[in-house]
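Structure first, commentary second.
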Amino acid sequence: MPEMPEVEAVCRRLREEAEGCLVSRARVLRAGMASGDVETACSGARLERVERRGKNIFLHFSGDVILHVHLRMTGNLYVVPDHRLLVSTVRAVFELSDGRGIVFEDPRALGRMALVETLPELGWEPLDPGFTVAVLAGLAKGSKREAKVFLMDQGKVAGLGNIYAAEALFRAGIDPRRAMGTLGKARLARLHGAIVMVMSGAVETVYEEWGRPGNFVEAERERLQVYGREGEGCRVCGRGVLRLAQGGRSTYFCGFCQR
DNA sequence: TCGATCCTGTAG
DNA sequence: CTACAGGATCGA
């Protein structure tokens, strides 16, 4: 489910609904998905702050407890009205003192939680004003990695995943196989603009559509130019959208518009 | 830099 | 049945 826009939506909603709430009891329902004694650390603690960095969520609890949550492919974190009513894919639940619950649901069970002392070093937030063309150029300089793989490196730019890396490259007209370090100034500027545009648009769309009738992912999907559209016509030139494998993931692109 | 791995679900 | 899935990490 989540790329950075979905993670941001999760965090915003969590802030609205559960920030400041007391966790009477924390339960880890799937052993191995959490590192550290989460049940002991979070039981009786108050959720003071919800922070997002890239696709990572940091739940700050009273007592200097920091819980690092990563939703991976199919995780979700949301508030339910009754913590006793849980579906089978719930991996952890934070029972709130008012009877509600913060639930970590994850069908594929790839998501993880970990108690941490400090926040890990991550790459730039694409929507941070400090993330400029010059910053991107500095990161790209000398890199021989393929542009798509580079963009998905969370240590460079944090939050771009398989969908939005492809979308940004399409909008910038850059071939995803192109070595990052060979991009000229003009192309880097286009790429930077595309990243900011794609991510800011996605954040707002995903958040607005959250919880609406129908699937909020579908609304965002309609905005996508290339992702998941193999064989369909490019929205700009009409030629077929291509798919290739990079780093074990599918990359969608237009062979004509992206060079 | 590749492939395997962690898991389950769904589409073909 | 196989292929693939919006992620990340590990070892070769």
Side-chain angles (χ1 to χ4, degrees), chain A residues 1-11 28-35 52-58 68-78 86-92 104-114 116 119-123 126 142-170 176-181 195 198-199 201-207 209-210 215-232 241-253:
Chain A
M1 203 254 298
E3 256 194 62
M4 186 273 258
E6 286 87 351
V7 177
E8 174 64 17
V10 161
C11 288
V28 174
L29 305 179
R30 184 191 174 90
M33 66 87 64
S35 86
R52 179 192 62 75
R53 291 201 190 179
K55 298 173 222 176
N56 301 273
I57 300 169
F58 298 93
H68 177 192
V69 179
H70 202 300
L71 304 174
R72 294 286 182 94
M73 301 278 259
T74 54
N76 199 0
L77 200 57
Y78 56 92
L86 303 176
V87 295
S88 62
T89 46
V90 170
R91 310 302 180 191
F104 186 170
E105 188 192 344
D106 187 4
R108 270 174 83 176
L110 294 172
R112 293 288 181 268
M113 300 193 305
V116 295
L119 305 202
E121 289 293 318
L122 285 163
S143 172
K144 293 176 180 166
R145 304 171 73 189
E146 296 180 309
K148 162 82 164 5
V149 175
F150 177 95
L151 290 182
M152 289 183 65
D153 183 343
Q154 303 299 299
K156 299 286 191 298
V157 183
L160 284 186
N162 205 34
I163 293 177
Y164 296 112
E167 292 295 313
L169 286 167
F170 173 78
R177 296 161 292 192
R178 187 70 189 271
M180 196 64 193
I195 290 170
V198 162
M199 295 311 277
V203 164
E204 295 317 314
T205 301
V206 169
Y207 182 61
E209 294 299 324
W210 184 286
N215 191 339
F216 77 97
V217 178
E218 290 307 313
E220 175 59 14
R221 208 172 191 95
E222 288 172 20
R223 293 163 33 87
L224 303 180
Q225 304 292 302
V226 285
Y227 181 82
R229 301 188 64 241
E230 182 184 18
E232 295 175 42
V241 171
L242 307 175
R243 181 168 74 100
L244 62 89
Q246 286 182 299
R249 320 290 306 278
S250 288
T251 297
Y252 299 87
F253 70 110

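Bear in mind that the values here come from a model prediction, so they are computed numbers and not experimental data. Numbers restart at 1 for each chain; the letters A, B, ... are given by sequence-line order, proteins then strands.
- Here C/dG7 presents its P atom at 14 Å from NE2 of A/H68, a figure rounded to the nearest Å.
- B/dC6 sits 22 Å from C/dC1 when the C1' atoms are compared, rounded to a whole Å.
- Nucleotide C/dG7 holds its P atom 15 Å from the CG atom of A/N76, rounded to whole Å.
- Between A/D106 and A/R30, no side-chain nitrogen of the basic residue sits less than 4.0 Å from a carboxylate oxygen of the acidic one, so the salt-bridge criterion is not met.
- Atom CZ of A/R72 is separated from atom C1' of C/dT9 by 7 Å (rounded to the nearest Å).
- For DNA chain B, the span of nucleotides reached by chain A at under 4.0 Å from its heavy atoms goes, 5' to 3', from B/dT1 to B/dT8.
- Among the atoms of the strands shown, none is found under 4.0 Å from any heavy atom of A/T89.
- Across every non-hydrogen atom of A/H68 and A/N56, the tightest pair is NE2-OD1, 2.7 Å.
- Between A/N162 atom CG and C/dC4 atom P there is a gap of 13 Å when expressed in whole angstrom units.
- For the P atoms, the distance linking C/dA8 with B/dT10 amounts to 23 Å, nearest Å.
- Counted by atom type alone, A/Y227 and A/E167 present zero donor-acceptor pairs between their side chains at under 3.5 Å.
- Taking side-chain N and O atoms only, A/Y227 has no distance below 4.0 Å to OP1 or OP2 of C/dA5.
- For A/R112 and C/dA8, a side-chain-to-base donor-acceptor distance below 3.5 Å is absent, hydrogens and geometry of angles not being considered.
- When the C1' atom is compared between B/dT1 and C/dG6, the two are found 23 Å apart, to the nearest whole Å.
- One finds a side-chain N or O of A/R249 lying less than 4.0 angstrom from the OP1 or OP2 phosphate oxygen of C/dG6.
- Using a 4.5 Å heavy-atom threshold, the side chains of A/M113 and A/V28 count as touching.
- Judged by distance alone, the side chain of A/T74 and the main-chain N or O of A/R108 form a donor-acceptor pair under 3.5 Å.
- In this structure, the separation between CG on A/L244 and CZ on A/R177 is 5.5 Å, given to the nearest 0.5 Å.
- Computed from coordinates, the A/R229 CZ to C/dG6 P distance equals 16 Å when rounded to whole Å.
- For C/dG6, there is no paired base (Watson-Crick or G-U wobble, both distances below 3.5 Å).
- Rounded to a whole Å, the CG atom of A/D106 is 15 Å from the P atom of C/dG6.
- Atom pair A/L122:CG and C/dT9:P shows a separation of 9 Å (rounding to whole Å applied).
- Contact between the side-chain N/O atoms of A/H70 and the OP1/OP2 oxygens of C/dA8 is found at a separation under 4.0 Å.
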> After noting the C-alpha distance and the side-chain angles of A/R229 and A/Y252, does the key distance pass the side-chain contact (heavy atoms from CB on, under 4.5 Å) rule?
Replying inline: CA-CA 7 Å; A/R229 301 188 64 241; A/Y252 299 87; 5.8 Å; no
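- A donor-acceptor pair under 3.5 Å is formed between the side chain of A/Q246 and the backbone N or O of A/P176.
- For the pair A/L160 CG and C/dA8 P, the interatomic distance rounds to 11 Å; values are reported in whole Å.
- Residue A/Q154 has a polar side-chain atom (N or O) positioned under 4.0 Å from OP1 or OP2 of C/dA8.
- At a threshold of 4.0 angstrom between heavy atoms, the contacts of A/F150 with the nucleic acid are absent.
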